[in-house]
Amino acid sequence: MDLSLIIMQLLSGIALGAVLVITALGLTIVFGMLGVVNFAHGALFMIGAYAGLYLASLTGSFWWGLLLAPILIGAFGMLIEFVLIRRLYGRSIDDPLLLTFGLSYILVEGVRIVFGSDGIPFPTPPQLIGVLDLGIGFFPRYRLFVIMLVAVVLLVLWLTLEKTRVGLIVRAGARDPTIMQVLGVDIGRVWLAIFGLGVGLAALGGVLAGPMRSVNPEMGSLVLAEAFVVTVIGGLGSIVGAVVAGLMVGISISMVALFAPEMATIVMFALMAVVLLIRPQGLFGVRGRTA
Amino acid sequence: MTGPSSGEAVAKPASSGLAWLLDHRVLLSIAVLAVLPWLLPSKALAVNVLIYGVVVMGYNLLFGYTGLLSFGQAAFFGSGAYFTGIAIGRYGVPWFAAVPIAVLLSTCLAAAIGIVSTRTRGIYFSMVTLALAQLVYYVALQAASFTGGENGLRGFTVDRINLFGLQVNFLDPINKYYVLMAFAALAMWFQSRILNSPFGAVIEAVRENEQRARACGYDVERSKLVVFMLSGAISSLGGCMLALHLSIVPLDILHYQTSGMIVMMVLLGGARSFFGPFVGAASFLILEDVISLWTPHWQIFVGAIFVLFVLFLPKGIWGTLLDALDSGKARR
Amino acid sequence: MAETALLEIEDLHAWYGASHILHGIALHVNEGEVVALVGRNGAGKTTTLRAMMGLMPKATGRVSFAGRELLPLRAHQRFHLGLAYVPEERRIVPGLSVRENLRLGLVAAGSEIEERAAIDEIAETFPRLKERLDQEGVTLSGGEQQMLAIARALIAKPKMILLDEPSEGIMPVLVEEMGVLFRRLRDEGKTLLLVEQNVEWALRLADRAVIMDQGEVVHQSSAAALLADKDIQERYCAV
Amino acid sequence: ADETIRIGFPTPLTGPFAAEARDQVKCAELAVKLVNDKGGIAGRKVELLVRDDKLNAGEAATRTLELIEKDKVHAVVGALSSAVQLAVNEVTRARGVIYVSISQSDTINEAKDFSKYTFHEALNPHMTTSAVARQTLKKGMKVAHLVADYAYGHEMLRGFKRAQAAIGADNVGEILHPFGAADYSTFMPRLMSMRPDVLCISNFGRDQANAIKQAVDFGVKQQMKIVVPVILHNQRLAVGPDVFEGVVGGANYYWGLETQSKSASSFNTAFKAANGGAIPTDYGAYGYSGVGSLLAAMQAAGGTDTDKVVDALEKLQYDLTKGPQHYRKCDHQSVQSVLVLESKKKSAMAGENDLFAILANDAGSDDMLRSCSELGHAT
Amino acid sequence: MTGELLRAEGIGKRFGGFVALEGITVSFAAGQLTSIIGPNGAGKSTFFNILSGALTPTSGKLHFKGRELNGLPQHRFVHQGISRSYQITNIFPDLSVHENVRVAAQALIVSYDIWRNRARMVELDARADAALDAVGLLARRSGLAKFLSHGQQRALEIAVALVSEPELLLLDEPTAGMGPEETKDMVALLERLADKRTVLLVEHKMKMVLGLSKRVVVLHHGRLLADGAPDEIRSNPEVRRVYLGQSEGYG
Ligand SMILES: Nc1ncnc2c1ncn2[C@@H]1O[C@H](COP(=O)(O)OP(=O)(O)OP(=O)(O)O)[C@@H](O)[C@H]1O
Ligand SMILES: Nc1ncnc2c1ncn2[C@@H]1O[C@H](COP(=O)(O)OP(=O)(O)OP(=O)(O)O)[C@@H](O)[C@H]1O
Ligand SMILES: [Mg+2]
Ligand SMILES: [Mg+2]
């Protein structure tokens with residue numbers, strides 16, 4: 001087993017991790033800031049892929065799909081928040097979880113009705129077809145693009161949430177909406193924005209994953225489990241945690257694939273079990289804030 | 001789930017009709033179950049109501065009464081079924097011995113998962129149970145020589161059983177139903193015992209306020225672990241029933257979607273109500289049965305009903321019904 | 001009354017679910033006045049404040065503040081009219097530092113107030129907080145949390161402040177200082193509605209007093225008169 | 001009696017194989033209709049009772065129980081996945097009900113799961129891999145495997161390795177991937193570093209589509225040929241012609257066979273007539289031949305008497321879609337031809353249904369199968 | 001004076017770099033009411049948290065009835081005979097007022113028994129009602145705890161601590177949030193309690209503290225500032241400066 005193989009493997013792990021990070025991020029933001037565990041996240045990821053595909057074929061360009069699908073589905077997410085989730089704040093934390101669980105059934109079946117239950121091909125954008133010779137091996141251009149795009153999105157997101165007043169409102173609003181209202185914040189708008197952002201990120205993940213996998217109604221359910229594992233390892237609500245854990249999971253899967261490939265799925269769960277045994281609140285989670 | 005449960009926990013002196021009903025909840029529940037096969041469209045469905053009723057009831061102990069939202073109950077449902085099947089098929093254990101063995105082993109599994117998961121709180125608990133249960137799923141998938149892997153466990157058909165010297169044809173749906181009902185009755189009696197016991201009070205205290213429970217002198221971690229094991233034990237009994245009923249153990253039984261279904265059923269019936277799990281299991285299964293005959297898109301209806309329940313009937317069918325009966329009377 | 005009433009409540013009713021808590025409250029607070037609202041536990045004092053802030057699930061009647069009708073407004077809009085509230089349960093936001101909790105008092109006020117300067121200023125008033133700016137808010141001692149809650153309400157310089165038992169858990173020297181602070185605020189033209197169980201202290205501070213019982217106003221008069229009333233003394237002040 | 005003949009048909013109407021299932025239902029209904037049009041069986045009408053098994057073995061077992069206990073069906077045909085088929089088999093076997101399975105599996109033929117009442121109409125992994133290997137492998141070629149880590153994948157791998165050994169091709173490595181994985185990128189660097197001439201991807205459904213797609217993304221096709229044991233009509237549709245171009249795999253049926261086979265052409269014609277001109281798919285054809293062979297046996301037995309029908313099935317010679325077939329006596333496996341197909345380049349496609357080129361249509365014979373004794377049957 | 005009940009030896013507690021308590025050595029005799037006062041943030045609640053096992057001290061030892069308590073988990077403290085009320089209300093919101101107290105009473109008797117019928121344990125009902133009566137909440141016994149007003153919840157908090165009949169009762173600002181009348185009742189209750197058991201009381205209401213206690217301990221910046229009879233404390237200039245101020249405390 002030579003070094004170049006290990007480096008290539010590492011790179012595939014990072015690309016895998018990048019998609020995980022972007023989806024887990026949406027989940028963690030919505031949880032951290034609204035206290036909502038969004039079980040429909042996977043379904044929205046899937047819908048994002050369909051929307052991306054549909055918009056790309058409508059406009060004739062993948063790039064429009066990439067840009068518009070997250071916005072459109074994000075807006076749809078706001079609608080979900082406004083019509084359904086909003087009624088549940090202040091009830092037990094389980095309620096939104098259960099509601100979105102039911103919602104995911106509706107969304108998946110809805111897509112089956114509209115687009116059929118078969119997979120649909122999602123062509124790679126022509127500019128990114130093929131592989132790039134890295135000297136030590138070939139790597140798909142598209143995956144390199146995904147890595148870079150995710151890095152940019154992360155940076156922007158982090159700057160807004162940690163460095164601005166908006167970020168403070170958002171973090172506090174999650175924990176105590178009542179006091180935020182008393183302090184003059186229209187918390188409803190904050191909720192809308194956060195949920196929209198989370199869902200938009202899910203959709204972005206979906207569009208990005210589209211050209212790597214075939215698009216089908218079930219593609220979200222697997223992603224959901226992975227995203228959960230990543231968020232839990234990273235610490236629910238922690239953005240840095242999601243990033244670190246996403247890459248960690250991607251790379252471990254990839255490295256395990258080298259030695260015991262059939263264990264690739266289990267390794268994720270095993271990693272989680274180990275992390276939680278050592279730190280029950282996740283790597284970057286804050287103790288006692290879990291419910 | 002949320003809000004007070006009215007009149008479900010400790011029965012007060014039988015001053016009202018409702019209180020009388022609650023005092024005799026086990027007997028009444030059994031009476032309802034006894035006529036069930038004659039009310040439902042098929043016997044197989046009735047048996048499923050029994051099985052899922054027991055599984056969900058066990059889960060209700062954890063989720064409804066203790067407030068621990070686990071997404072891993074499928075692990076115990078499945079382990080009960082697998083252990084029963086393996087004991088009978090591989091080791092030739094007679095069925096009546098296989099069931100307690102399976103429950104015992106499943107309780108051990110629950111202890112193992114519980115030790116890790118009850119250390120965590122809130123949503124972490126949900127996620128950890130989900131992940132650990134998935135781990136069980138993958139282990140079952142990999143250990144194909146024991147479990148049959150993806151193909152499921154087979155080869156342990158119980159077709160005749162000896163009931164106190166009486167040879168009974170277990171393939172006959174009615175016989176099967178009443179034999180399995182005895183198990184369900186046992187589970188109900190056990191659950192009722194737990195709820196009425198001093199430990200039932202501890203469970204409530206832990207649900208309401210862990211820190212306070214600790215300051216009152218309860219070992220919260222240990223109590224949660226015990227509940228987790230009791231809940232796993234009851235749910236695993238449902239698994240044993242499934243194995244006896246179907247003569248196969250499908251791998252999907254361990255999948256997290258089974259856990260999801262269990263959660264749905266408890267919600268539909270009414271968390272933290274005694275008979276709710278059976279109502280939930282019955283309504284879910286009937287609904288699925290009826291709608292899936294009518295349209296292949298049954299999931300959209302199941303999803304919608306689920307959403308509507310969370311929004312408007314968070315106490316489920318049975319819980320809401322009990323509330324309606326109880327309204328006007330002083331809450332306990 | 002010579003002055004104009006800044007806050008005027010008429011026939012205020014409020015409910016928690018089916019239980020009817022307030023039965024037609026009527027009271028007013030004039031601009032620049034300190035009014036003490038006192039009464040037994042469970043009398044409905046907190047409920048009155050919550051109704052004013054828009055935190056009750058159901059409230060009817062008329063509440064006008066600076067000429068605006070409050071009840072149709074949502075809670076955050078009431079803040080923007082210049083109404084601040086210190087809740088009895090303090091509501092320090094978990095996961096945020098003391099400094100961040102203070103910043104929360106400013107987030108909605110827009111950019112008019114310079115954050116750093118405002119925090120410095122308030123930290124002068126509450127030196128205890130100044131030492132602990134970077135600690136997580138909820139790990140403060142009970143009294144410190146109370147100060148933080150008050151500081152957070154004051155930082156955006158509201159017109160009127162609703163205080164729910166501000167002296168609870170505060171040590172005697174500081175209660176005195178708080179009294180001085182409140183008087184200073186009044187002198188600066190702020191209006192205070194003070195719910196208190198430390199009745200004697202509240203009456204010394206206040207211009208007027210309102211007594212509530214079982215969701216109704218049972219007595220209103222000048223604070224001095226109340227303080228002089230033997231019967232009232234007997235019932236509300238002695239320990 | 002002139003009671004209708006009821007045939008239970010569990011199939012996954014919901015879930016990832018819903019499209020295949022719907023094709024199966026259409027084809028099964030076609031088979032029933034053709035018989036009813038000719039007056040039924042011994043004057044009795046035939047009725048197909050379709051039930052959604054949700055691709056879940058437990059659900060399938062329950063539905064089958066209902067079909068037997070409540071609907072009193074005379075026989076059961078169907079199931080698409082191996083696990084579901086085995087579950088149905090377990091229920092029918094215990095109750096002595098005839099079951100014609102149309103799911104690919106090696107297990108159901110083995111003595112352990114065998115039942116006198118069970119017939120296997122579908123291909124099995126052993127047959128498909130040997131046919132595909134014969135077409136694609138040559139002596140001295142280097143072969144690598146990417147295999148789904150569960151029974152189906154293991155069976156395919158076993159078949160390939162056996163064929164490979166017979167041909168004299170070299171095995172350079174095998175990678176087991178988790179069943180149902182969404183990402184295969186992590187296996188690619190290692191596969192490429194093995195430098196094989198042929199890559200056999202042994203998995204099913206979405207796994208096949210995703211694995212091929214990602215292999216192509218990594219430039220695998222420039223270095224090696226991709227071969228699959230069963231090339232799936234719907235997965236080819238799901239990822240498009242460019243990805244599948246040049247991939248070779250086995251199949252039970254392809255509509256293009258009509259130019260070579262009379263029965264294929266008449267099956268196509270009947271299907272098109274009943275379904276607005278649509279073509280039948282590979283999995284659809286199983287529905288037709290499964291129900292068709294059962295009805296033919298019932299015809300021969302003159303009714304639904306279980307033992308007589310079993311007897312008739314064992315003796316039956318049928319040709320419904322692609323040439324002569326019969327059930328082997330010892331394990332009830334249908335002896336049939338295997339098609340080897342190659343996915344066409346986009347530019348070479350004559351129409352949207354013109355997906356594959358037929359490389360071979362090996363006539364069925366007993367020696368394509370594992371021997372009866374190998375399967376554990378007394379001979 | 002009866003024998004020593006509790007002895008703290010060099011107790012210290014740090015939170016990260018912050019020293020909340022340092023070198024607290026103090027002992028309490030059985031059957032006495034002692035008040036612990038001190039400025040906000042002095043470390044009183046932290047000290048209570050250590051005495052009740054909710055926090056483990058960073059240094060020092062606790063001896064209770066001659067036994068060392070270090071290392072015991074929190075729930076064992078109650079079984080040793082130490083019970084506490086919280087400064088910030090901490091009850092079971094969705095249980096009835098009665099059950100709040102009843103479940104606390106049960107803790108000392110049985111936890112894991114699943115064979116007995118809890119409804120038959122009538123002695124618990126009697127004890128719970130007695131405790132509720134003592135704090136004046138008997139009339140609201142069957143309502144849910146969360147429907148009580150703030151002051152009423154404070155009273156419930158005390159009933160919950162009281163019902164386990166501890167040898168050592170730790171009360172952290174029991175009358176905070178209570179009205180004058182309720183406070184009067186509470187003082188009467190405390191007087192009765194002090195006859196029977198050892199009580200440690202944290203309070204800021206000085207009249208009450210000085211009137212009730214036999215002994216007052218003053219904490220300041222995590223250290224012991226003074227310890228003595230109420231009169232000594234009242235006239236201690238240091239205590240006046242950091243804590244009492246001019247008014248000598250309201251309340
Ligand atoms: N969430 C609630 N649901 C139902 N009833 C409530 C709720 N909160 C308070 N109450 C009831 O409303 C009445 C008034 O409560 P409120 O909190 O306004 O009293 P208060 O005067 O502030 O008392 P305190 O001095 O104890 O804080 C009380 O009888 C209380 O039991
Ligand atoms: N978890 C923690 N992390 C950091 N500092 C803490 C933590 N808990 C308490 N403190 C600090 O320790 C000091 C002592 O707190 P404690 O609650 O014991 O005070 P107290 O004497 O009870 O005050 P009060 O009269 O206001 O209730 C306070 O300054 C507080 O901020
Ligand atoms: Mg109040
Ligand atoms: Mg304190």
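Chain letters run A, B, ... following the sequence lines, proteins first and then strands; every chain starts at 1. Computed from a predicted structure; not experimentally measured.
Annotation for E/M206 and C/P172: closest pair CG-CG, 3.8 Å, computed over non-hydrogen atoms. When all heavy atoms of C/N41 and E/Q152 are compared, the pair lying nearest together is O-NE2, 4.0 Å. Across E/S149 and C/G42, no two heavy atoms sit closer than the pair OG-N, 3.1 Å. For the residue pair C/Q197 and E/P180, the shortest heavy atom distance occurs at OE1-CD, 3.6 Å. Pairing each heavy atom of E/G41 with each of C/S141, the nearest pair is N-OG, 3.2 Å.
With a threshold of 4.5 angstrom between heavy atoms, C/I170 approaches chain E through its backbone and through its side chain. Of the two parts of C/Q146, neither the backbone nor the side chain holds a non-hydrogen atom closer than 4.5 Å to a non-hydrogen atom of chain E. Only the backbone of E/V242 comes within contact range of chain C, with at least one heavy atom under 4.5 Å from a heavy atom of that chain.
Atom NE2 of C/H13 has more than 12 neighbouring heavy atoms from other residues, nucleotides or ligands inside a 6.0 Å radius. For CZ of E/R223, the number of neighbouring non-hydrogen atoms (other residues, nucleotides, ligands) closer than 6.0 Å is 12 at most. Within a 6.0 Å sphere centred on CD of C/Q214, heavy atoms belonging to other residues, nucleotides or ligands number 12 at most. For C/E121, the CD atom sits in a loose shell: 12 or fewer heavy atoms of surrounding residues, nucleotides or ligands are nearer than 6.0 Å.
For the set E/P39, E/G16, E/A20, the count of heavy-atom pairs under 4.5 angstrom toward chain C peaks at E/P39.
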Would you check, one step at a time, whether the test side chain to side chain donor-acceptor pair (under 3.5 Å) holds for C/E168 with E/H150?
CA-CA 12 Å; C/E168 182 188 329; E/H150 181 63; 3.0 Å; yes
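Using modelled atom types, no side-chain atom of E/N40 and backbone atom of C/E144 make a donor-acceptor pair closer than 3.5 Å.
Counting heavy atoms from C-beta on, the side chains of E/F15 and C/Q135 never come closer than 4.5 Å. Between C/R40 and E/E182 the shortest side-chain heavy-atom distance falls below 4.5 Å.
With values rounded to the nearest 0.5 angstrom, C/L140 atom CG is found 12.0 Å from E/S45 atom OG.
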